[in-house]
J.: 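Sharing a structure, written as structure tokens. Questions coming.
Below, chains carry the letters A, B, ... as their sequence lines are ordered, and counting in each starts from 1.
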Amino acid sequence: MIRFLDMAEQRAYFSTDYPVNIYALSEQSVTVEFGTLISEELLSLITGFNQFLLQNPFPGLITTVPAYASLAIFFDPLIVAASDLPGKFCYDKVAQYLKNIGQTKRAESHLATDRVVIPVCYGGDFGPDILTVAKTNKLTIDEVIEIHASGLYTVFMIGFVPGFAYMGGMDTHLTTPRKAVPDAKIPAGAVGIAGKQTGIYPMETPGGWQIIGRTPLKMFDVGRPQPSLLKGGDQVTFKPIAKDEFNMMLQNEYENQHY
Amino acid sequence: MKISIIKPGMLSTVQDLGRYRYLSQAVPVSGAMDQLAHRLANKAVGNDDGLATIEFSYAEASFKAETDVLAAYSGDGAFLVFNDELMPAEKPLFFRAGSIVKFIANPVGVWTYLAVAGGWNVPDVMESKSTYLTAGFGGLSGRALRKGDVLMNNQSVSQVSEQIFDQLIKKGIIYPNWRISRESLLPQDRQTVRVVLGNEINWFDATSIISFLTKNYSIDRRSNRMGYHLSGTPLVRKVKKELLSTAVTPGVIQVTGSGDLVVLMADCQTTGGYPRIAHIAAVDLPSCAQLKPGDVIRFSEISADEAEELYFEREHDLSLITTAISLKYIKI
């Protein structure tokens, strides 16, 4: 990521490297599509542009939604229409504003990415599918744990349910397809693998990922200022823990309830 | 003001206009499925549009006024009945303490909103009172209403609400003679929904686009607050590539892998990976939400500019209603 930023120091957010497609998603939102492939380069471009836009909002901007290769911008049409942004319709006003600030030269070092360590109790009852992952990749269970816990992962986006982080950067030796038939109930904290990605279920939901362990951390807590523990652009590592440590941490998490 | 739930009905939750600032953390918008009815119920009691109402689905619900209550309702799922008398919608209604109010089926639609002067008082979660059942937060303890639940209003009510309340008490009547005309805000043909074509429109073959804009579809039984599945002629894609998950929003129409249409609704996920053939014009989304399983739905294309003009016309009409109600009660 650092390497790319050095190289692109003088480039604008909107450049021929990633030609943008801006379209109306609804009367209250537009999407800027930067590309059609997942890459860390694109992630840092979108994260940077998103932060720049939030620091330099147009009148009526409500919020933004970064995804793999796009950024959606939600706004209040009444405020946008009443603003002196040039253009007849809200879409034109917002799109023009985005194009203007897209010409800004990318800053080198303002990306606010956090590094987060997630403790995981692997295997056993907490990781019912770890054997599937091991067999698929001709590994032992210990090797699966070793490989999964030694990687550095990047959060590409939060989606699916509140706080669910889609993470890339997993060692391809762990690549395992998702289940043909999704499980009806996956517990909160379950750590899973789907294809080349890894992720953590923040709450009990149905799901099709291969579950290899569980974290005692609350991935989503409405009592926190930022309810989702992770955000797009964050760097994540996993730390294996034993079951008694898991139980102790779980107790702590729930005693410190913010509700 | 206080009510207790005698019968909760099929699915009753506290909702407001939704939760927008946490979309990037994958927290859905939620909020009222029919935002127009929600807003009109609020306006009828002198509330701001954004205060919390109770969203009832279909009928079979009833409640008791534990104190004197100034309420109003709007929507297509039920009619309110008190003392065997049908209560008019979009009008302030004064219920004496002890009154028992029942919901009887309205064959037209699904959702009915009950507003109270000052709005229903439940805690704000992430700046909204909307209930999101999947994650169990918002509204009343993050869940649907149950028998015996007690709901109270916010004590601070607007000056208009106070005046309405005082006049109804003074005159000893349940409701005044004015009402908001919701009909004038609804499309002539509820089953024809105006749409703006989506970013992935060219992923579909011409025949499929024509089917989408001319054929009848119907609301499937697999429909809920997250989305309405439609049955009808499946669409065929000519571009087979995968769409990387990207932001979606209520009103967006996705086409699944099998070519079926899904209209995303209030509790939809914040991102989706299915191509989007269109989005429903914001002004038509409320009446679309009132369509029931089995109902026919057709789509008619308008431009994004037209959709925006309709949006502003609607907001203008709604602001005139607020002004008109204020002028009835506040002397300048």
J.: What residue in A:Gly159, A:Ala72, A:Ala69 has the most heavy-atom pairs under 4.5 Å with chain B?
T.: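 The answer is A:Gly159.
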
J.: Check side chain to side chain contact (heavy atoms under 4.5 Å, CB included) between A:Ala81 and all other residues, then give those that pass, not counting sequence neighbours.
T.: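 For A:Ala81, the residues satisfying side chain to side chain contact (heavy atoms under 4.5 Å, CB included) (neighbours in sequence not counted) are A:Cys90, B:Phe312.
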
J.: Find the N and O donor-acceptor pairs between chain A and chain B that sit under 3.5 Å apart.
T.:
residue  : atom : partner  : partner atom : Å
A:Asn21  : ND2  : B:Asn199 : OD1          : 3.4
A:Tyr23  : OH   : B:Arg276 : NH1          : 3.3
A:Tyr23  : OH   : B:Arg276 : NH2          : 2.6
A:Leu25  : O    : B:His279 : ND1          : 3.2
A:Glu27  : OE1  : B:His279 : NE2          : 3.2
A:Glu27  : OE2  : B:Ala282 : N            : 2.8
A:Ile62  : O    : B:Arg21  : NH1          : 3.1
A:Ser70  : OG   : B:Thr246 : OG1          : 2.7
A:Cys90  : N    : B:Glu308 : OE1          : 3.1
A:Cys90  : N    : B:Glu308 : OE2          : 2.7
A:Gly163 : N    : B:Gln25  : O            : 2.9
A:Ser228 : N    : B:Gln25  : OE1          : 2.7

J.: Show the nearest heavy-atom pair for residues A:Pro162 and B:Pro28, with the distance to one decimal.
T.: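 So the two residues come closest at CG-CD, 4.1 Å.
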
J.: If I measure from the heavy atoms of chain A, does B:Val252 come under 4.5 Å with its side chain, its backbone, both, or neither?
T.: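 Only the side chain of B:Val252 comes within 4.5 Å of chain A.
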
J.: Tell me which of these, A:Ala165, A:Pro66, A:Pro77, A:Gly35, has more heavy-atom pairs under 4.5 Å with chain B than the rest.
T.: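 Between A:Ala165, A:Pro66, A:Pro77, A:Gly35, the count favours A:Pro77.
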
J.: Under a 4.5 Å heavy-atom cutoff, which of B:Leu310, B:Leu23, B:Val27 has the most pairs with chain A?
T.: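 Heavy-atom pairs under 4.5 Å are most numerous for B:Leu23.
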
J.: Could you list the residues that satisfy salt bridge (Lys or Arg N to Asp or Glu O under 4.0 Å) with A:Lys99, not counting sequence neighbours?
T.: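 Expected list: none.
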
J.: With sequence neighbours left out, write down each residue that passes side chain to side chain contact (heavy atoms under 4.5 Å, CB included) with A:Pro187, or none if nothing qualifies.
T.: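 Result, side chain to side chain contact (heavy atoms under 4.5 Å, CB included) vs A:Pro187: A:Ala190, A:Arg214.
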
J.: If you count heavy-atom pairs under 4.5 Å between each of A:Leu230, A:Val65, A:Leu71 and chain B, which one has the most?
T.: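 If we count pairs closer than 4.5 Å to chain B, A:Val65 comes out on top.
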
J.: Among the options A:Ala67, A:Pro227, A:Ala24, pick out the one with the most heavy-atom pairs lying under 4.5 Å from chain B.
T.: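 Most heavy-atom pairs within the cutoff with chain B belong to A:Pro227.
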
